[in-house]
Amino acid sequence: QVQLVESGGGLVQPGGSLRLSCAASGSILSMYHMGWYRQAPGQQRELVAVILNGGRTNYADSVRDRFTISRDNAKNTVYLQMNSLKPEDTAVYYCKARSFSSIDYWGQGTQVTVSS
């Protein structure tokens, strides 16, 4: 099975940037749809960005033009570049992979806190 590990979270000031990484083991992700989700305290988990196996990307309206999802298939890693961060971006960010058979795999999450 696919195992996903997120990293790169931390504390940043408003307007700052972070790059999250999602490293995979147990399978190769090149053919998988990948996504980043986030969950703030007391809130439902929400979709942030997706990148399909053909490279097409989609973003939540709240992060469009600020966040960029990308993938490096050679490194079996998916990234989320987050710029112009706002306090409302504070959440635990999760990586998700969707397999050929539409089975979803989730990482454990990485905390992002945007605060001055």
Side-chain angles (χ1 to χ4, degrees):
Q1 291 187 337
V2 177
Q3 298 180 27
L4 305 173
V5 179
E6 303 95 335
S7 63
L11 174 64
V12 296
Q13 294 185 347
S17 297
L18 284 174
R19 189 178 75 160
L20 306 183
S21 298
C22 174
S25 63
S27 186
I28 300 175
L29 301 181
S30 61
M31 300 293 291
Y32 290 11
H33 301 324
M34 303 295 299
W36 285 97
Y37 294 73
R38 67 187 182 187
Q39 187 168 18
Q43 300 295 115
Q44 297 288 327
R45 189 171 298 185
E46 65 176 350
L47 175 67
V48 176
V50 296
I51 183 165
L52 305 185
N53 56 14
R56 192 186 76 192
T57 58
N58 289 297
Y59 299 91
D61 289 341
S62 59
V63 307
R64 197 183 313 276
D65 300 324
R66 298 189 298 119
F67 291 9
T68 302
I69 187 171
S70 62
R71 62 198 305 165
D72 186 336
N73 291 331
K75 296 181 178 179
N76 222 24
T77 301
V78 179
Y79 305 96
L80 183 68
Q81 178 67 46
M82 304 185 295
N83 298 325
S84 301
L85 283 162
K86 305 174 180 179
E88 52 262 44
D89 295 319
T90 296
V92 177
Y93 284 71
Y94 298 90
C95 179
K96 187 194 78 174
R98 175 161 288 183
S99 70
F100 300 117
S101 55
S102 298
I103 298 173
D104 289 342
Y105 302 91
W106 292 88
Q108 293 297 312
T110 184
Q111 177 70 48
V112 172
T113 302
V114 184
S115 177
S116 59

**Over all atoms of both residues, closest heavy-atom pair of Leu80 and Ala49** = CD1-CB, 4.2 Å

**Request:** Could you pull out the closest heavy-atom pair between Leu20 and Met82, with the gap in Å?
**Result:** CG-CE, 3.7 Å

**Message:** How long is the straight-line distance from OG of Ser7 back to CZ of Arg19, given to the nearest 0.5 Å?
**Reply:** 9.0 Å

**Message:** Less than 4.5 Å apart, side chain to side chain, heavy atoms only: is that true for Tyr59 and Asp65?
**Reply:** no

**Asked** Does NZ or CZ of Arg45 fall inside the cone over Tyr94's six-membered ring, less than 6.0 Å from its centre and within 45° of the axis?
**Response** yes

**Item:** Salt bridge present between Asp61 and Arg64 (N-O < 4.0 angstrom)
**Value:** yes

**Prompt:** Any side-chain donor-acceptor pair under 3.5 Å between Tyr93 and Arg38?
**Reply:** yes

**Polar contact flag, side-chain donor to acceptor under 3.5 angstrom, Thr113-Ser115** = no

**Request:** Report the distance from atom CE of Met34 to atom CG of Leu52, rounding to the nearest 0.5 Å.
**Result:** 11.5 Å

**Prompt:** Would Val92 and Leu11 show up in the same hydrophobic cluster when neighbours are defined by side-chain heavy atoms closer than 4.5 Å?
**Reply:** no

**Asked** What is the minimum heavy-atom distance between Ala97 and Leu4, and which atoms define it?
**Response** N-CD1, 3.7 Å

**Message:** Please find the pair of heavy atoms, one from Val78 and one from Ser70, that lie closest to each other, and give the distance.
**Reply:** CG1-O, 3.3 Å

**Item:** Shortest non-hydrogen contact from Arg98 toward Asp104
**Value:** NE-OD1, 2.7 Å

**Request:** With rounding to the nearest 0.5 Å, note down the distance linking SG in Cys22 to CD in Glu6.
**Result:** 5.5 Å

**Request:** Compute whether any side-chain donor of one residue and acceptor of the other, for Asn83 and Ser17, lie under 3.5 angstrom apart.
**Result:** yes

**Request:** Give a yes or no answer on whether the side chain of Thr110 reaches the backbone of Gly9 with a donor-acceptor pair at less than 3.5 Å.
**Result:** yes

**Complete:** When every non-hydrogen atom of Ala40 is compared with those of Thr90, the smallest separation belongs to CB-O, 3.7 Å

**Prompt:** Between Gln13 and Leu85, does a side-chain contact (heavy atoms from CB on, under 4.5 Å) hold up when you go through it step by step?
**Reply:** CA-CA 8 Å; Gln13 294 185 347; Leu85 283 162; over 6 Å; no

**Message:** Counting only heavy atoms not in Gln39 (residues, nucleotides, ligands), do more than 12 fall under 6.0 Å from its CD?
**Reply:** yes

**Message:** Can a donor-acceptor pair be found, under 3.5 Å and without considering hydrogens, that links the side chain of Arg66 to the backbone of Ser84?
**Reply:** yes

**Request:** Could you tell me if the ring centre of Tyr32 sits under 6.0 Å from that of Phe100?
**Result:** yes

**Prompt:** Taking the six-membered ring for Trp, are Trp36 and Phe67 ring centroids under 6.0 Å apart?
**Reply:** no

**Asked** Within a strict 4.5 Å, meaning less than it, do heavy atoms of the Ser99 and Tyr105 side chains meet?
**Response** yes

**Message:** Do Val63 and Tyr79 land in one hydrophobic cluster if side-chain heavy atoms of ILVMFWY residues count as linked below 4.5 Å?
**Reply:** no

**Message:** Counting only heavy atoms from other residues, nucleotides and ligands, does the tally under 6.0 Å from CD of Glu88 exceed 12?
**Reply:** yes

**Request:** Assess the side chains of Tyr37 and Lys96: does a donor N or O sit below 3.5 Å from an acceptor N or O?
**Result:** yes

